[in-house]
Amino acid sequence: MPSASYIAERDAFGRQVQWLVEIVLDRCNNVYTTAPCTAADLGDGNRCFYSYQTCQDVANYSRGSKTYRFCLNHVPWPDSTTQVFPLLQRFVPYSQKIDATKLYTDPERITCDFALDFSPPPLDHDKSATLHNTQRTGEFWRVLKARNQNYTGRTLRIKRGFNASGFVLSDFEQLGPDYRITSWQIDQEGCSITAESPLAQLGTRNAPFSIGQDNTVQTAIAAGDATVTVRDASEYPDPAAYTRNSVFVEIESEICKVTNRNTGTNVLTITRGQWGTTAASHAVGKKVSHVLCVGTNNGGSAATGRRVADVLQDLMEWGGVAAASVDTTTFDTVSQLWPDLDVLATVRKPRTIAQHMASLRDPRGILIYYNTSSKYAAKVMSPDLSLTTFTDDNFVLGSVENDENEEERLTRAAVWYNPSSERAQGASTLADYQNAVIVVNTDLETVNNYGDVREETFQDFWVDPSASTSRIRNFSRRIINRRRAGIRTVKFQLELKSASINVGDGVTVTSAQILDARGNSDSRPCIVTARRDRTETTVEFEAVDLAFGGRFLRIGPDTLTDDYTTATLEERNSYGYWGDSTYNRVGTIKDVGYIFY
């Protein structure tokens with residue numbers, strides 16, 4: 001939460017914004033020549049700089065960190081008790097943005113430009129009055145980079161504050177996630193550091209792992225053997241590194257579960273005949289491939305499906321995302337809206353985790369984004385019950401823009417599923433699928449509506465091949481409902497003091513710039529898909545409209561009463577209740593209900 005000082009200055013007239021960039025680099029926890037450091041001070045001033053590159057006792061190097069802080073060089077720094085380098089010239093943010101059509105999330109990136117400094121102060125004076133290196137020659141950024149060559153992946157933060165009396169370091173408010181540094185460039189003009197959101201790592205890791213063609217069975221195994229020797233065990237995932245996922249390998253037509261990997265002896269300990277396959281003997285030279293088995297393993301019996309929200313979290317673990325970095329509450333909500341155990345696939349072709357997740361998310365209308373708690377969060381493109389309302393009284397004058405995106409409207413959807421074995425190896429044409437369900441909303445194609453046909457084809461590699469036609473039909477209906485009025489987007493700007501919303505939040509936008517057929521201001525329930533600082537005092541947002549073109553039903557949580565008569569007014573308005581078959585009325589109150597089909 002912002003501090004009281006931050007809120008007061010944010011809302012004050014004539015405020016002066018000061019930006020702060022924090023860069024966290026490795027630094028040794030020890031003190032030079034003091035145990036456990038065994039380095040000897042020769043008295044010539046040639047001490048270490050507490051970095052691994054300059055360490056004189058590598059065996060006892062203890063990795064810690066130090067935060068270097070940089071502020072704008074043309075705005076006074078308000079907190080004299082904190083060491084800050086006034087070298088920041090500008091930063092260029094590329095905000096996290098969710099593509100409203102494909103629901104792909106473009107990770108947030110930022111580039112910071114700094115001025116050069118040829119007379120820097122000693123950087124490690126806080127270590128000891130006598131045991132820090134007092135060397136001050138050379139240009140600051142070149143020296144700092146030389147001492148910290150392992151900067152890739154280290155943390156960079158952006159914080160906003162104000163030049164005001166009594167405003168201190170702790171009052172600065174962090175904007176965006178903990179970025180990870182990707183590049184550090186220095187030239188005659190200055191220093192430029194680029195960093196990106198942790199979300200970007202999902203686009204750099206593949207699953208399943210690529211295994212060399214020569215990584216084969218080295219000693220023939222019988223059907224009852226519990227180990228297999230391969231050429232290089234280090235190419236395979238280590239089962240100990242995963243808590244949500246199991247590691248599976250495929251030898252000919254048998255799939256085995258790897259329970260241990262010994263990179264010294266190149267031996268994999270395996271449980272035979274998994275994922276519905278049968279243990280068999282395998283000769284020397286047979287390929288041992290890593291396969292991604294998505295679903296629930298039942299040993300020698302056929303595997304069964306898994307919820308899409310669980311599979312998305314499984315995939316993120318393959319992408320290196322720690323469990324603590326996942327907002328599980330948001331994924332639990334996704335499970336309520338997509339409760340079916342219908343995701344089941346055997347993946348043999350390596351693709352990035354981002355690609356796998358996109359092919360799962362797009363047809364199901366699921367957003368994945370990085371929230372303000374620096375966690376991966378999920379949300380279904382469905383009517384949101386927690387909406388913050390904004391009107392023309394809130395918007396920066398003239399900032400509201402509306403795009404109907406009518407070309408994205410759908411009246412029918414074709415879902416192709418149940419891939420052949422060739423599809424599992426990487427084929428991607430419709431001919432590689434064995435089943436298809438096409439749903440047509442004839443009401444949308446009548447002359448009383450749009451009077452035309454809008455069709456889109458979806459290839460779903462992930463759907464359980466045994467899923468019933470009715471389940472796939474409902475799946476297709478949900479796609480049409482999300483796109484039946486196009487994918488309408490809204491842009492607007494808010495003053496900094498009103499800009500409390502973020503990507504993934506639900507909002508209602510009411511503006512004279514958005515009119516209904518009668519010429520009245522129309523209210524659009526939306527989900528925020530992008531946020532960026534337009535100026536020092538205004539923030540620009542993009543949002544996608546959630547009005548699906550008609551009345552909708554939302555499945556309620558388990559704790560919701562199923563008795564309409566005793567339900568609260570909010571519950572009646574928020575969720576769907578069955579109407580009777582004759583008059584479609586609910587309970588003793590006789591309100592209009594919902595007909596299920």
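Note: hydrogens, waters and symmetry copies are ignored here, and every other heavy atom, side chains too, is used.
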When you measure from the side chain of [X] to the backbone of [Y], do you find a donor-acceptor pair of N or O atoms at a distance under 3.5 Å?
{"X": "Asn394", "Y": "Thr391", "value": "yes"}
{"X": "Asp505", "Y": "Asn502", "value": "yes"}
{"X": "Glu317", "Y": "Asn245", "value": "yes"}
{"X": "Arg15", "Y": "Arg10", "value": "yes"}
{"X": "Asp314", "Y": "Val294", "value": "no"}
{"X": "Glu408", "Y": "Asn405", "value": "no"}
{"X": "Glu495", "Y": "Ser498", "value": "no"}
{"X": "Arg482", "Y": "Arg364", "value": "no"}
{"X": "Ser197", "Y": "Leu199", "value": "yes"}

### Query
Could you go step by step and tell me if Phe85 and Arg69 meet the side chain to side chain contact (heavy atoms under 4.5 Å, CB included) rule?
CA-CA 6 Å; Phe85 300 95; Arg69 297 182 173 91; 5.9 Å; no
How about [X] and [Y]: do any of their side-chain heavy atoms sit closer than 4.5 Å?
{"X": "Ile181", "Y": "Thr194", "value": "no"}
{"X": "Val396", "Y": "Leu494", "value": "no"}
{"X": "Val400", "Y": "Ile514", "value": "yes"}
{"X": "Thr67", "Y": "Ile23", "value": "no"}
{"X": "Ile366", "Y": "Leu360", "value": "no"}
{"X": "Leu515", "Y": "Asn520", "value": "no"}
{"X": "Asn402", "Y": "Gln513", "value": "no"}
{"X": "Tyr370", "Y": "Val503", "value": "no"}

Look up atom [atom1] in [X] and atom [atom2] in [Y], then write down how far apart they are to the nearest 0.5 Å.
{"X": "Gln313", "Y": "Ser335", "atom1": "CD", "atom2": "OG", "result": "7.5 Å"}
{"X": "Asn371", "Y": "Ile368", "atom1": "CG", "atom2": "CD1", "result": "11.0 Å"}
{"X": "Arg160", "Y": "Leu20", "atom1": "CZ", "atom2": "CG", "result": "12.5 Å"}
{"X": "Leu144", "Y": "Leu25", "atom1": "CG", "atom2": "CG", "result": "5.5 Å"}
{"X": "Lys379", "Y": "Asp327", "atom1": "NZ", "atom2": "CG", "result": "11.0 Å"}
{"X": "Asn30", "Y": "Asn60", "atom1": "CG", "atom2": "CG", "result": "7.0 Å"}

### Task
Determine the interplanar angle of the Phe70 and Phe140 rings, folded into 0 to 90°, and report it as parallel if under 30°, tilted if 30 to 60°, perpendicular if over 60°.
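Rings of Phe70 and Phe140: perpendicular, as their planes differ by over 60°.
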### Query
Which class fits the ring pair Phe395 and Phe492: parallel under 30°, tilted 30 to 60°, perpendicular over 60°?
tilted
### Task
Report yes if the distance between the aromatic ring centroids of Trp462 and His356 is under 6.0 Å, otherwise no.
yes
### Message
Please report whether the ring centroid of Trp19 lies less than 6.0 Å from that of Phe162.
### Response
no
### Task
Step by step, work out the salt bridge (charged side-chain N to carboxylate O under 4.0 Å, His left out) result for Glu404 and Arg524.
CA-CA 12 Å; Glu404 296 292 330; Arg524 296 284 176 88; 3.2 Å; yes
Atom pairs and distances, donor-acceptor, side-chain atoms in residues 163-172, under 3.5 Å, two or more places apart:
from: Asn163; atom 1: ND2; to: Gln16; atom 2: OE1; distance (Å): 2.8
from: Asp171; atom 1: OD1; to: Ser3; atom 2: OG; distance (Å): 2.9
from: Asp171; atom 1: OD2; to: Val168; atom 2: N; distance (Å): 3.1

Distance-only side-chain donor-acceptor flag, [X] / [Y], under 3.5 Å:
{"X": "Asp187", "Y": "Gln185", "result": "no"}
{"X": "Thr33", "Y": "Asp41", "result": "no"}
{"X": "Gln201", "Y": "Arg180", "result": "yes"}
{"X": "Ser521", "Y": "Thr510", "result": "no"}
{"X": "Asp79", "Y": "Thr82", "result": "yes"}
{"X": "Thr38", "Y": "Asp57", "result": "yes"}
{"X": "Asn148", "Y": "Ser51", "result": "no"}
{"X": "Asp117", "Y": "Trp141", "result": "no"}

### Stepwise side chain to side chain donor-acceptor pair (under 3.5 Å) test for Thr535 and Thr538
CA-CA 5 Å; Thr535 68; Thr538 61; 2.8 Å; yes
### Task
Could you walk me through whether Met381 and Ile527 pass the side chain to side chain contact (heavy atoms under 4.5 Å, CB included) test, one step at a time?
CA-CA 8 Å; Met381 290 285 290; Ile527 287 181; 4.3 Å; yes
What's the shortest heavy-atom distance between [X] and [Y], and which atoms?
{"X": "Ile110", "Y": "Pro93", "value": "CG1-CA, 4.0 Å"}
{"X": "Gln174", "Y": "Lys159", "value": "CA-CG, 3.7 Å"}
{"X": "Leu202", "Y": "Gly319", "value": "CD2-CA, 4.1 Å"}
{"X": "Asn29", "Y": "Gly64", "value": "OD1-CA, 3.4 Å"}
{"X": "Tyr61", "Y": "Cys28", "value": "CE1-CB, 3.6 Å"}

### Task
Please assess Tyr50 against Tyr32 for the test ring pair (Phe, Tyr, Trp, His ring centres under 6.0 Å), listing each intermediate value before the final yes or no.
CA-CA 8 Å; Tyr50 295 100; Tyr32 187 65; 7.0 Å; no
### Task
Evaluate side chain to side chain contact (heavy atoms under 4.5 Å, CB included) for Val334 paired with Leu337, printing each intermediate quantity in order.
CA-CA 5 Å; Val334 171; Leu337 298 175; 5.9 Å; no
### With Glu540, the salt bridge (Lys or Arg N to Asp or Glu O under 4.0 Å) member among Lys491, Lys97, Arg534, Arg531
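Of the listed residues Lys491, Lys97, Arg534, Arg531, the salt bridge (Lys or Arg N to Asp or Glu O under 4.0 Å) partner of Glu540 is Arg534.
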### Name of the residue among Thr328, Val321, Thr330 meeting side-chain contact (heavy atoms from CB on, under 4.5 Å) with Tyr376
Val321
### Query
Salt bridge check: are Glu22 and Arg154 linked by an N-O gap of less than 4.0 Å?
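No, this pair does not count.
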### Query
Yes or no on side chain to side chain contact (heavy atoms under 4.5 Å, CB included) for Cys71 and Leu88, after CA distance, side-chain angles and deciding distance?
CA-CA 5 Å; Cys71 68; Leu88 177 63; 5.7 Å; no
### Query
Under the side chain to side chain contact (heavy atoms under 4.5 Å, CB included) test, which residues partner Ala115, sequence neighbours left out?
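Here the qualifying residues are Asn73, Gln89.
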### Task
Would you indicate whether Tyr52, at its atom OH, is surrounded by more than 12 heavy atoms from other residues, nucleotides or ligands within a distance under 6.0 Å?
no
